[in-house]
Amino acid sequence: MGAGDSAGPRSLWTEGQMALLELNGVTKRFGGLTAVNNVTFNVEAGSIFGLIGPNGAGKSTLLNCLAGLTRPNAGTIHFDGHDTTGFPADKMSRLGLGRTFQIPRPFPRMTALENVAVSASFGGARLGARAVQERSLEMLEYVEFPRAPHTSAATLNAVQLKRLDLARALASRPKMLFLDEFAAGLTPSELHDIAKLLRRIRDDGTTILMVEHVMRLIMDLCDTLSVLQFGELIAHGDAATVAQDERVREAYLGPNYML
Ligand SMILES: Nc1ncnc2c1ncn2[C@@H]1O[C@H](COP(=O)(O)OP(=O)(O)O)[C@@H](O)[C@H]1O
Ligand SMILES: [Mg+2]
């Protein structure tokens, strides 16, 4: 590393240069299929980062590598200054990574509040029962959960489940939040509300990495975009530039796509 090595803890100057998440050559193979091929990019703290690409491009697999659900075959991952390559999901969660799932699966026999409480109790800080309860109520309010906290999770509709999933992901106060196709199936007015909420989460200090198909939301929210195709990064940069990229339009948006 640099000249500051002998100084012990990383100097403030160096700290300022670190991205929150750094991928270097991340590769994941399933048998003969290379689902993610040599992917390198950084996600800066305080940003909303979009990962897009056609179905089967490797987006979810890449998220799973980063979140510790599967081990990459090659490459390195640094999160918040730690080399987290190959770390399991619980360790990533304790380091400050939260995520929602493409299909939210809450515990159906529990109430909304209890579902959030499960996440709040397993977060980075070990909280007492009362603090867990308070934190969980606070999170339901934060995501503007539209039902009573004691509503059974089994009775929630798709949008309510998404908000519950967000409350669960945020309950451990993550530094970074992964969203996998969070906006799928939302109406335009729900999209508008979710965009507002995601911006607030970012403004309150949680960096967001979103895999998303809804271009309106991506263009509205993302500071930076990466595009995957057949597991490879084919474009990377600010959202407006990437959306104009010839290869991206052909691969993903279609030749007649208009912004
Ligand atoms: N667990 C797995 N075992 C084998 N192949 C997989 C597995 N998960 C994903 N794949 C394959 O890897 C490729 C990328 O899939 P995925 O990451 O789900 O893409 P995306 O999220 O971009 O739609 C696809 O060809 C998919 O069939
Ligand atoms: Mg996917």
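What's counted below: heavy atoms across the whole structure, side chains too, no hydrogens, waters or symmetry copies. Remember, it's 1-based here, ligands and their atoms both numbered in the order they're listed. Residue indices begin at 1 and follow the sequence shown.
The N/O atoms of Ala57, backbone and side chain alike, include one that comes under 3.5 Å of an N/O atom in ligand 1. The shortest N/O to N/O separation between Gly56 and ligand 1 falls below 3.5 Å.
Under a 4.0 angstrom heavy-atom cut-off, Gly58 registers as being in contact with ligand 1.
Of all protein heavy atoms, the one lying nearest to atom 18 (O) of ligand 1 is Ser60 CB, 3.9 Å. Here the heavy atom of the protein found nearest to atom 3 (N) of ligand 1 is Phe30 CD2, 3.5 Å. In terms of protein heavy atoms, atom 27 (O) of ligand 1 is closest to Leu33 CD2, 4.7 Å. Distance from atom 16 (P) of ligand 1 to its nearest protein heavy atom, with residue and atom name: Thr61 OG1, 3.6 Å.
Note on Thr61: not counted as a metal contact of the Mg ion (ligand 2), no N/O/S atom lying under 2.8 Å.
Listed for the Asn115 side chain is no donor-acceptor partner under 3.5 Å among the backbone atoms of Pro106. At distances below 3.5 Å, not a single donor-acceptor pair connects side-chain atoms of Lys28 with backbone N or O atoms of Leu62.
No more than 12 heavy atoms of other residues, nucleotides or ligands shown are found within 6.0 angstrom of CD on Glu141. The environment of Arg199 atom CZ is dense: over 12 non-hydrogen atoms of other residues, nucleotides or ligands sit within 6.0 angstrom.
Under the 30°/60° scheme for interplanar angles, the aromatic rings of His236 and Phe41 are found to lie parallel.
Taking every non-hydrogen atom of Asn55 and a distance limit under 4.0 Å, the qualifying atoms of ligand 1 come out as 23 (O). Numbered from 1 in the order shown, with element, the atoms of ligand 1 that lie under 4.0 Å from a heavy atom of Ala35 read 12 (O), 13 (C).
Both the sub-6.0 Å distance and the 45° axial angle are not jointly satisfied by Arg94 relative to the ring of Phe87.
Residue contacts with ligand 1, taken as heavy atom pairs separated by less than 4.0 Å, do not involve Thr70 at all.
Remark: Arg249 does not engage Glu246 in a salt bridge, criterion side-chain N to carboxylate O under 4.0 Å. The pair Glu144-Arg200 meets the salt-bridge criterion, since a charged nitrogen lies less than 4.0 angstrom from a carboxylate oxygen.
Within the 4.0 Å cut-off (strictly below), a protein heavy atom is located near atom 5 (N) of ligand 1.
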